[in-house]
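Encoded as structure tokens, the structure appears first; notes follow it.
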Amino acid sequence: MTAVAHRLADNTDFNLGCFWGGRVESAEEVAGKTAATLQGLAGVFPVDGWRYAQGRVWRPWPAAAVEQTLWVESQVFRAEDGLPEPVNGYSFSLSQDFDGLFIELWINAGGSIRGGRVPVNRAGVTAFETAPGGFTPAVVDPLVDAVIEVWEPWTANFRDQAVLDLARPTGSWQVPLGYRVWVHASVGAILEAAPGVLVSHRRSGTLLSVPDEWTAPQVVEAMRATLAMNDIDEVAHEK
């Protein structure tokens with residue numbers, strides 16, 4: 001019953017995620033894009049710096065570009081045996097508390113692998129309330145813009161747990177459903193949409209939006225129908 005009644009404004013947590021294929025990027029490039037993302041997030045969450053966890057201690061994200069690059073370089077993906085795996089790029093997260101929300105920016109970028117079981121390159125923002133009323137739907141579109149502007153992914157989406165529970169993707173390369181779904185032009189063109197779905201062009205792709213007051217089942221039904229109308233399902237990738 002809760003999932004049926006749930007709407008975006010009822011959220012106490014959310015997830016904005018995106019992914020793209022193999023794209024070799026240096027630590028300097030990843031650090032620069034990370035800094036640009038944080039700058040974009042500043043319009044939504046004007047925090048006084050970001051931080052990362054080092055054991056049980058919080059450390060500040062460096063302020064200088066050179067130090068940011070060195071830090072990202074130290075975050076190269078490592079296998080279970082601890083050996084670095086540069087083909088998987090760099091993996092890290094930065095977080096902060098702001099006005100009743102705990103916010104985390106997570107990034108896996110710079111990986112050269114073009115296929116596989118899951119996309120190696122991903123980025124996103126997750127958050128959960130630390131005080132009642134911390135979340136407001138007003139942050140949704142600026143968050144989406146901040147991420148797609150910098151990372152130029154293949155697809156991005158904003159969803160909550162209620163939508164995810166109803167629409168778990170059948171594969172890791174499938175275009176996920178959500179209150180917002182962005183699709184790069186190389187993935188597919190949106191030529192028609194289900195009733196109630198707003199279509200707008202953002203950057204090098206198309207953003208699909210549904211009303212914030214819609215329930216999770218309405219969101220899933222409309223977004224699934226829209227993607228099917230345009231023959232969009234799984235992002236093409238190497239096996």
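Across S112 and V24, no two heavy atoms sit closer than the pair CB-CG2, 3.4 Å. Residues A35 and Q68 approach most closely at CB-OE1, 3.8 Å, considering heavy atoms.
With sequence neighbours excluded, the residues that form a side-chain hydrogen bond (donor to acceptor under 3.5 Å, both in side chains) with R59 are Q54. With sequence neighbours excluded, the residues forming a salt bridge (charged side-chain N to carboxylate O under 4.0 Å, His left out) with R202 are D145, listed by chain and number. The salt bridge (charged side-chain N to carboxylate O under 4.0 Å, His left out) search around D212 returns R180, not counting sequence neighbours. E28 pairs by the salt bridge (charged side-chain N to carboxylate O under 4.0 Å, His left out) definition with nothing, not counting sequence neighbours. Every residue two or more places apart in sequence or in another chain was checked for a side-chain hydrogen bond (donor to acceptor under 3.5 Å, both in side chains) with T12, and none qualifies. A search for salt bridge (charged side-chain N to carboxylate O under 4.0 Å, His left out) contacts involving R51 returns D97, not counting sequence neighbours. With sequence neighbours excluded, the residues that form a side-chain hydrogen bond (donor to acceptor under 3.5 Å, both in side chains) with Q218 are T215. For N15, there are no side-chain hydrogen bond (donor to acceptor under 3.5 Å, both in side chains) partners, not counting sequence neighbours. E80 is linked by a side chain to side chain contact (heavy atoms under 4.5 Å, CB included) to nothing, counting only residues two or more places apart in sequence or in another chain.
The hydrophobic clustering, which links ILVMFWY residues whose side-chain heavy atoms are closer than 4.5 Å, places F135 and F98 together.
Using modelled atom types, one side-chain atom of E29 and one backbone atom of S26 make a donor-acceptor pair closer than 3.5 Å. Within the 3.5 Å criterion, the main-chain N or O of G21 finds a donor-acceptor partner in the side chain of N121. In terms of modelled atom types and a separation under 3.5 Å, the side chain of D81 and the main chain of L83 share a donor-acceptor contact. No donor-acceptor pair under 3.5 Å is formed between the side chain of Q96 and the backbone N or O of F102. With hydrogens and angles disregarded, no donor-acceptor distance shorter than 3.5 Å links the side chain of N230 to the backbone of L227. In this structure, D13 contributes its side chain and A127 its backbone to no donor-acceptor pair below 3.5 Å. Here the side chain of R122 pairs a donor or acceptor atom with the backbone of P119 at under 3.5 angstrom.
Heavy-atom contacts from other residues, nucleotides or ligands closer than 6.0 Å to CZ of R114 number 12 or fewer. Residue E234 qualifies as enclosed at atom CD: its count of foreign heavy atoms under 6.0 Å is above 12.
Listed by first then second residue, pairs satisfying ring pair (Phe, Tyr, Trp, His ring centres under 6.0 Å) with a partner in residues 56-85 read Y52-W71, W61-W71, W71-F92, not counting sequence neighbours.
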Please list, one pair per line, the donor and acceptor atoms closer than 3.5 Å that link side chains of residues 151-163 to other protein atoms, with sequence neighbours excluded.
unit_1	atom_1	unit_2	atom_2	d
W151	NE1	T37	OG1	3.0
E152	OE2	R203	NH2	3.1
T155	OG1	W182	O	2.9
D160	OD1	A162	N	3.3
D160	OD1	V163	N	2.9
D160	OD2	H6	NE2	3.0
Q161	NE2	D165	OD1	2.7

Which donor-acceptor pairs under 3.5 Å do side chains of residues 170-179 form with protein atoms, sequence neighbours excluded?
unit_1	atom_1	unit_2	atom_2	d
T170	OG1	Q174	OE1	3.2
W173	NE1	G116	O	3.0
Q174	OE1	T170	N	2.6
Q174	NE2	D233	OD1	2.7
Y179	OH	L8	N	3.3
Y179	OH	W214	O	2.8

